[in-house]
Amino acid sequence: MADLAISFFSDSLKMKTSIKVLLPDHVDSSLSTLILLHGMGDDENSWMENTSLLRYLSNKQLAVIMPRVDLSYYTNLSSGEKYFDYVSRELMIKCSQWFPLKQDREHCFIAGLSMGGYGALKVALNRSEKFSRCYALSAVTNIVDQWRQHPERDSWYRSLFVSQDELSNSTNNLFSLVKNWPHSNQKPYIWQTCGQNDAFSQQNQLFHNLLVQEDFKTTSLSIANEGHTWHFWDQQIQLVINDINNYL
């Protein structure tokens, strides 16, 4: 695999940013693409530093793109940096200019862990015409609940979502997106996994229950004796890569 570090100016962010890109040594034709998102406190290098991702991609005709989004929660900020637009639109446009990537829905996937799991779900649900499959590992699925449980984060969450009321009724709320799904839109396949010892286990189960209720094609794995750890995510990303490979 080729392991590339790329810096460029983002029109959505109005600043220079960086990504990691993994490509197969031999490209048979244009490649399917997985956008792989990091969690809170991490960056574009975290998946490579903490898992054996490179080895799991061996002999796979898959491009993996890992962007840096800081502490944005993959959200368009009132301060001007449009992180959601960057990840959901600009990133694929830019990378498709540099690499031979398929751009049709059936060959574009998105995944992430924790905050990145939330980001992956938000992108897939808001851009279902672009992404056919979403993989959410130990995802934060209920930001309103997190806000209530962590009042010390109030100023940070306000900088991202303004208020709990505004968040509840916006496209940043995963539960609202699913409940108010437009009948004309294609639904993405959603794959969730979470350790039973993870603080996000219950909200993941509630979100999965809602997906089932709303007739989404979905899979949910609840793994005993596992928590919010890289050991767990290293195991689960293997399943993600295998599922994509089998799908293709």
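No continuous path of ILVMFWY side-chain contacts below 4.5 Å connects Ile190 to Leu34, so the two sit in separate hydrophobic clusters. Residues Ile237 and Leu23 fall into different hydrophobic clusters, defined by Ile, Leu, Val, Met, Phe, Trp and Tyr side chains chained together at heavy-atom separations under 4.5 Å. Both Val178 and Tyr118 belong to a common hydrophobic cluster when Ile, Leu, Val, Met, Phe, Trp and Tyr are linked at side-chain heavy-atom distances under 4.5 angstrom. Using a 4.5 Å cut-off between side-chain heavy atoms of Ile, Leu, Val, Met, Phe, Trp and Tyr, with links allowed through other members, Leu125 and Leu210 fall into the same hydrophobic cluster.
In this structure, CG in Asn76 is found 7.0 Å from CZ in Phe84, a value given to the nearest 0.5 Å. To the nearest 0.5 Å, atom CD of residue Glu226 and atom OG1 of residue Thr193 are 9.0 Å apart. Atom CG of Asp70 and atom CE of Met40 lie 13.0 Å apart (nearest 0.5 Å). Going from atom CZ of Arg105 over to atom CD of Glu129 covers 8.5 Å, rounded to the nearest 0.5 Å. One distance of note links CG of Leu57 with CD of Gln238; it measures 10.5 Å at 0.5 Å rounding. Remark: Leu137 CG to Leu221 CG distance equals 9.5 Å, nearest 0.5 Å.
Under the 30°/60° scheme for interplanar angles, the aromatic rings of Phe207 and Phe175 are found to stand perpendicular. Below 30°, between 30° and 60°, or above 60°: for His228 and Phe200 the angle between ring planes is above 60°, a perpendicular geometry. Under the 30°/60° scheme for interplanar angles, the aromatic rings of His38 and Tyr74 are found to be tilted. Classified by interplanar angle (parallel below 30°, tilted 30° to 60°, perpendicular above 60°), the ring pair Trp156/Tyr73 is tilted.
In this structure the side chain of Leu62 never reaches within 4.5 angstrom of the side chain of Asn245, judged on heavy atoms. Considering only heavy atoms from C-beta on, Ser176 stays 4.5 Å or farther from Asn169 through its side chain. A heavy-atom distance below 4.5 Å is found between the side chains of Leu22 and Leu54. For the pair Pro188 and Phe216, the minimum side-chain heavy-atom distance is below 4.5 Å. When side chains are defined from C-beta on, Ser96 counts as touching Leu101, because their heavy atoms get closer than 4.5 Å. The closest side-chain heavy-atom distance from Cys108 to Met92 is below 4.5 Å. When side chains are defined from C-beta on, Thr17 counts as touching Phe8, because their heavy atoms get closer than 4.5 Å. Side-chain contact between Val144 and Phe161 is absent, with no heavy-atom pair separated by less than 4.5 Å.
Counting only N and O atoms by type, the side chains of Asn197 and Asn225 include no donor and acceptor under 3.5 Å apart. A donor and an acceptor atom, one from each side chain of Gln149 and Asp145, are located under 3.5 Å apart. Using modelled atom types, one finds no donor on one side chain facing an acceptor on the other under 3.5 Å when comparing Gln186 with Ser128. Between the side chains of Asp234 and Tyr56, at least one donor N or O sits under 3.5 Å from an acceptor N or O. If you check the side chains of Asn50 and Ser46, you find no donor sitting under 3.5 Å from an acceptor. No hydrogens or angles considered: nothing links the side chains of Thr33 and His107 as a donor-acceptor pair under 3.5 Å. Checked by atom type, the side-chain pair Tyr157/Ser163 shows no donor-acceptor distance below 3.5 Å. Residues Gln192 and Ser220 bring no donor and acceptor atom of their side chains to less than 3.5 Å of each other.
Applying the side chain to side chain contact (heavy atoms under 4.5 Å, CB included) test between Ile19 and each of Ile35, Ile6, Leu4 identifies Ile6 as the sole match. When each of Trp233, Trp191, Tyr247, Phe109 is checked for a ring pair (Phe, Tyr, Trp, His ring centres under 6.0 Å) with Tyr135, only Trp191 meets the rule.
For Ser10, the side-chain hydrogen bond (donor to acceptor under 3.5 Å, both in side chains) partners at least two apart in sequence or on another chain are Glu90. For Ser222, the side-chain hydrogen bond (donor to acceptor under 3.5 Å, both in side chains) partners are Gln196, not counting sequence neighbours.
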Worksheet item: Between Lys82 and Asp11, does a salt bridge (charged side-chain N to carboxylate O under 4.0 Å, His left out) hold up when you go through it step by step?
Response: CA-CA 9 Å; Lys82 298 185 182 301; Asp11 298 321; over 6 Å; no
Practice prompt. Give the intermediate values and the outcome of side-chain contact (heavy atoms from CB on, under 4.5 Å) for residues Arg55 and Met1.
Written response: CA-CA 9 Å; Arg55 178 161 55 87; Met1 298 290 293; over 6 Å; no
Practice prompt. Might you work through the salt bridge (charged side-chain N to carboxylate O under 4.0 Å, His left out) test for Arg68 and Asp42, ending with a clear yes or no?
Written response: CA-CA 8 Å; Arg68 177 186 183 127; Asp42 289 330; over 6 Å; no
Worksheet item: Between Gln205 and Asn209, does a side-chain hydrogen bond (donor to acceptor under 3.5 Å, both in side chains) hold up when you go through it step by step?
Response: CA-CA 6 Å; Gln205 186 59 55; Asn209 292 345; 2.9 Å; yes
Worksheet entry | Stepwise side-chain contact (heavy atoms from CB on, under 4.5 Å) test for Ile244 and Arg133 | CA-CA 9 Å; Ile244 291 174; Arg133 298 173 85 80; 5.5 Å; no
Item to complete: Start with the C-alpha gap between Ser168 and Glu166, add the side-chain angles, then the distance that decides, and say whether side-chain hydrogen bond (donor to acceptor under 3.5 Å, both in side chains) holds.
Response: CA-CA 5 Å; Ser168 296; Glu166 184 155 334; over 6 Å; no
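Among all heavy-atom pairs drawn from Asn45 and Lys20, the shortest one is OD1-CD, 3.3 Å. Closest approach of Ser72 to Leu77, counting heavy atoms only: O-CD2, 4.1 Å. Shortest non-hydrogen contact noted between Gln203 and Ala139 is OE1-O, 4.1 Å. Nearest heavy-atom pair across Leu37 and Pro67 is CD2-CG, 3.7 Å. Shortest non-hydrogen contact noted between Ser138 and Cys194 is CA-SG, 4.0 Å. Considering all non-hydrogen atoms of both residues, Met66 and Leu53 come closest at SD-CD2, 4.0 Å.
The backbone N or O of Lys122 lies less than 3.5 Å from a partner atom in the side chain of Asn126, making a donor-acceptor pair. At least one donor-acceptor pair under 3.5 Å links the side chain of Gln61 to the backbone N or O of His26. Although no hydrogens or angles enter the test, the distance criterion places no donor-acceptor pair under 3.5 Å between the side chain of Lys179 and the main chain of Leu174. Put simply, the side chain of Thr229 gets close to the backbone of Phe232: a donor and an acceptor are under 3.5 Å apart. Using modelled atom types, no side-chain atom of Trp47 and backbone atom of Thr51 make a donor-acceptor pair closer than 3.5 Å.
Counting heavy atoms of neighbouring residues, nucleotides and ligands inside a 6.0 Å radius, atom CD of Gln202 does not exceed 12 of them. Enclosure of atom CG in Asn59 is not indicated, since only 12 or fewer non-hydrogen atoms of other residues, nucleotides or ligands lie within 6.0 angstrom.
In summary, Asp215 and Lys187 do not engage in a salt bridge, as defined by a charged side-chain N under 4.0 Å from a carboxylate O.
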